[in-house]
A.B. asks: 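Before we start, here is the structure in question, set down as structure tokens.
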Amino acid sequence: MIAAIAIGIAFGFALERAGLGSARKLAAQFYLTDLTVFKVMFTAIVVAMLGAFWLGRLGVLDLANVYVPQTWIAPQLAGGLLFGAGFVVAGLCPGTSCVAAASGRGDGAAVMLGMFAGVLTTGVAFASVQQFYESTARGPMTLPQLMKVPYGTVVFAVVAIALIGFRVAERIERRA
Amino acid sequence: MNKPAQRYADPYLAGIGLGLVLLAAFVIAGRGLGASGAFGSAAAGLVAAIAPDRARANPYFSQYLGGVDWLVFEILGVFIGGFVSAWLAGRLKFEIERGPRASTRGRLACAFGGGALMGTGAVLARGCTSGLALTGGALLSVGSWIFIGAAFAAAYLFAPVMRKEWR
């Protein structure tokens with residue numbers, strides 16, 4: 001419990017420092033005027049991915065003990081589409097809405113309320129989506145398994161793609 | 001609080017910080033970060049308080065009924081961390097943040113409606129930007145990368161429709 005709160009504090013602190021508690025800043029990602037969302041998110045993914053890879057390789061972290069989000073192709077595709085549409089309407093995602101609310105923003109609290117209402121109603125009507133929810137299950141499948149290439153190769157490729165992405169992002173921002 | 005609000009941190013620096021937090025969660029807790037699960041846990045708690053049998057019979061809510069979820073404590077921490085960071089930077093302010101052409105009421109309606117859409121999406125996908133995209137992205141989960149691609153695509157597709165709210 002202490003660990004959960006401590007990790008949460010660091011998480012909220014990092015999000016607020018980056019400016020991700022600001023709906024206008026987040027929405028600007030989708031009008032290509034401020035790509036902070038992309039930069040923060042992919043830097044974090046690269047750092048944690050490299051850390052997990054190397055700590056695993058050095059034997060400090062047993063990756064078998066780290067929970068990997070499992071794959072359900074169709075519901076995650078459909079859920080992602082709904083989520084993305086909701087994101088640009090709301091301007092905040094579930095985690096960042098908490099940060100926005102914590103810094104005094106009423107729109108952050110409204111996103112939290114909406115999020116709660118969406119989860120509640122979908123949960124109540126769960127019987128009607130359950131079959132879809134459980135379809136196309138693939139278990140804890142990873143990109144290296146899917147593509148049948150070594151873990152390190154995928155890690156290297158993601159880093160390379162992210163670095164190219166950062167360069168493109170800087171260029172887009174300069175033009176905006 | 002009269003000092004001017006500080007500028008936000010460099011996005012790459014903040015990203016490194018966030019990545020290290022995520023890595024610490026892998027090492028300490030054996031799991032990543034999350035947010036939408038806390039909402040699921042709260043919704044399950046509400047349903048269980050009103051209609052306990054219904055909550056137990058519902059496969060979505062029942063998964064959250066085995067004691068208070070780890071994520072609820074984590075989200076409590078997110079509030080504290082977000083508050084402290086904003087406070088130290090002089091960014092604590094009661095306001096409704098909105099685009100230059102948006103009304104306060106319109107902004108709040110969009111916030112609520114968008115939140116509800118994300119809620120449904122997060123239930124279907126079994127996670128959100130934190131638990132599915134960040135966490136699973138770093139662990140190279142296939143479903144997480146499907147979610148990231150779909151969410152970004154839909155947001156860009158929908159952005160022109162929402163222009164009046166933001167620009």
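All values reported here derive from a predicted model rather than from experimental measurement. Quick note on labels: first sequence line is chain A, next is B, and so on, each numbered from 1. Only this structure's heavy atoms are used, side chains among them; waters, hydrogens and symmetry mates stay out.
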A.B. asks: Could you grab the distance from atom CG of B/Leu117 to atom CZ of A/Phe83, nearest 0.5 Å is fine?
C.D. replies: 10.5 Å
A.B. asks: If I measure from the heavy atoms of chain A, does B/Arg54 come under 4.5 Å with its side chain, its backbone, both, or neither?
C.D. replies: side chain
A.B. asks: Could you tell me which of B/Phe158, B/Phe26, B/Phe79, B/Phe152 has the largest number of non-hydrogen atom pairs under 4.5 Å with chain A?
C.D. replies: B/Phe79
A.B. asks: Please classify the contact of B/Leu46 with chain A as side chain, backbone, both or neither, using a heavy-atom distance under 4.5 Å.
C.D. replies: side chain
A.B. asks: Tell me which of these, A/Val154, A/Ile73, A/Val37, A/Val124, has more heavy-atom pairs under 4.5 Å with chain B than the rest.
C.D. replies: A/Val124
A.B. asks: Quick check: closest heavy atoms across B/Leu108 and A/Ala110, and the distance to 0.1 Å?
C.D. replies: CD2-CB, 3.9 Å
A.B. asks: For B/Arg101, I'd like to know if atom CZ has over 12 heavy atoms of other residues, nucleotides or ligands within 6.0 Å.
C.D. replies: yes
A.B. asks: Chain A: which of B/Glu97, B/Glu74, B/Arg31 shares the most heavy-atom pairs with it under 4.5 Å?
C.D. replies: B/Glu97
A.B. asks: Please look at B/Ile28 and chain A and tell me whether the side chain, the backbone, both or neither of the residue comes under 4.5 angstrom of a heavy atom of that chain.
C.D. replies: side chain
A.B. asks: Please work out whether the ring planes of B/Trp145 and A/Phe42 are parallel, tilted or perpendicular, with thresholds of 30° and 60°.
C.D. replies: tilted
A.B. asks: A/Pro144 versus chain B, heavy atoms under 4.5 Å apart: side chain, backbone, both or neither?
C.D. replies: side chain
A.B. asks: Relative to chain A, which segment of B/Leu33 carries a heavy atom at a distance below 4.5 Å: side chain, backbone, both, or neither?
C.D. replies: side chain
A.B. asks: Drop me the distance from A/Thr43's OG1 to B/Leu18's CG, to the nearest 0.5 angstrom.
C.D. replies: 9.0 Å
A.B. asks: Give the cluster check for B/Leu139 versus A/Val149: same hydrophobic cluster or not, with ILVMFWY residues linked at side-chain heavy-atom distances below 4.5 Å.
C.D. replies: yes
A.B. asks: For A/Gly123 versus B/Tyr60, what's the shortest heavy-atom pair and its separation?
C.D. replies: CA-CD2, 3.8 Å
A.B. asks: Which residue out of A/Val99, A/Val129, A/Thr33, A/Val111 racks up the most heavy-atom pairs below 4.5 Å with chain B?
C.D. replies: A/Val111
A.B. asks: Please look at B/Ile75 and chain A and tell me whether the side chain, the backbone, both or neither of the residue comes under 4.5 angstrom of a heavy atom of that chain.
C.D. replies: side chain
A.B. asks: Are the aromatic rings of A/Phe116 and B/Phe39 close, with centres under 6.0 Å apart?
C.D. replies: no
A.B. asks: Given a strict heavy-atom distance threshold of 4.5 Å, which part of B/Ala44 is in contact with chain A: side chain, backbone, both, or neither?
C.D. replies: neither
A.B. asks: Measuring centre to centre across the rings, with the benzene-like ring taken for any Trp, is A/Phe166 within less than 6.0 Å of B/Tyr12?
C.D. replies: yes
A.B. asks: At what distance, to the nearest 0.5 angstrom, does CG of B/Leu140 lie from CE of A/Met147?
C.D. replies: 8.0 Å
A.B. asks: CD1/B/Ile146 to CE/A/Met141 distance, rounded to the nearest 0.5 angstrom?
C.D. replies: 9.0 Å
A.B. asks: Using non-hydrogen atoms only, which part of A/Leu146 is less than 4.5 Å away from chain B: side chain, backbone, both, or neither?
C.D. replies: side chain
A.B. asks: By a 4.5 Å heavy-atom criterion (distance strictly below it), what part of B/Ile148 contacts chain A: side chain, backbone, both, or neither?
C.D. replies: side chain
A.B. asks: In Å, rounded to the nearest 0.5 Å, how long is the span from CG of A/Asp107 to CZ of B/Arg107?
C.D. replies: 4.0 Å
A.B. asks: Please give me the minimum heavy-atom distance between A/Ala48 and B/Gly19, naming the atom from each residue.
C.D. replies: CB-O, 3.6 Å
A.B. asks: Which one wins on heavy-atom pair count under 4.5 Å against chain B: A/Leu61, A/Thr36, A/Leu63, A/Val60?
C.D. replies: A/Leu61
A.B. asks: Side chain, backbone, both or neither: which part of B/Val47 has a non-hydrogen atom closer than 4.5 Å to chain A?
C.D. replies: side chain
A.B. asks: Using salt bridge (Lys or Arg N to Asp or Glu O under 4.0 Å), reason through B/Glu95 and A/Arg105 one step at a time and then give a plain yes or no.
C.D. replies: CA-CA 5 Å; B/Glu95 64 171 337; A/Arg105 290 192 169 119; 2.9 Å; yes
A.B. asks: Please classify the contact of A/Leu81 with chain B as side chain, backbone, both or neither, using a heavy-atom distance under 4.5 Å.
C.D. replies: both
A.B. asks: Quick one: of A/Ser22, A/Ala127, A/Ala74, A/Ala14, who has the most non-hydrogen atom pairs under 4.5 Å with chain B?
C.D. replies: A/Ser22
A.B. asks: Are B/Trp166 and A/Leu32 linked, directly or through other ILVMFWY residues, by side chains that come within less than 4.5 angstrom of each other?
C.D. replies: yes
A.B. asks: Quiz question: by atom type and distance under 3.5 Å, do the side chains of B/Ser141 and A/Gln70 form a donor-acceptor pair?
C.D. replies: no
A.B. asks: I want to check a possible cation-pi pair here: B/Arg126 against A/Tyr133, using under 6.0 Å from ring centre and within 45° of the ring axis as the test.
C.D. replies: yes
A.B. asks: Let me confirm one number: the CD-OH distance from A/Gln29 to B/Tyr156, rounded to the nearest 0.5 Å.
C.D. replies: 4.0 Å
A.B. asks: Pick from B/Cys128, B/Ala153, B/Ala122: which one has the most heavy-atom pairs with chain A under 4.5 Å?
C.D. replies: B/Cys128
A.B. asks: Tell me whether B/Phe94 is reachable from A/Leu92 by hopping between hydrophobic residues (I, L, V, M, F, W, Y) whose side-chain heavy atoms are closer than 4.5 Å.
C.D. replies: no
A.B. asks: Counting neighbours of CD1 on A/Ile2 that are heavy atoms of other residues, nucleotides or ligands and sit closer than 6.0 Å, is the number greater than 12?
C.D. replies: no
A.B. asks: What residue in A/Gly106, A/Pro69, A/Ala100 has the most heavy-atom pairs under 4.5 Å with chain B?
C.D. replies: A/Pro69
A.B. asks: Please check if the number of heavy atoms outside A/Phe132 that lie under 6.0 Å from its CZ is greater than 12.
C.D. replies: yes
A.B. asks: Check whether B/Phe61 gets within reach of chain A through its side chain, its backbone, both or neither, counting any heavy atom under 4.5 Å.
C.D. replies: side chain
A.B. asks: Under 3.5 Å, is there a donor-acceptor pair between the A/Ser103 and B/Arg91 side chains?
C.D. replies: no
A.B. asks: Looking at A/Phe11, A/Tyr31, A/Phe53, which makes the most heavy-atom pairs under 4.5 Å with chain B?
C.D. replies: A/Tyr31
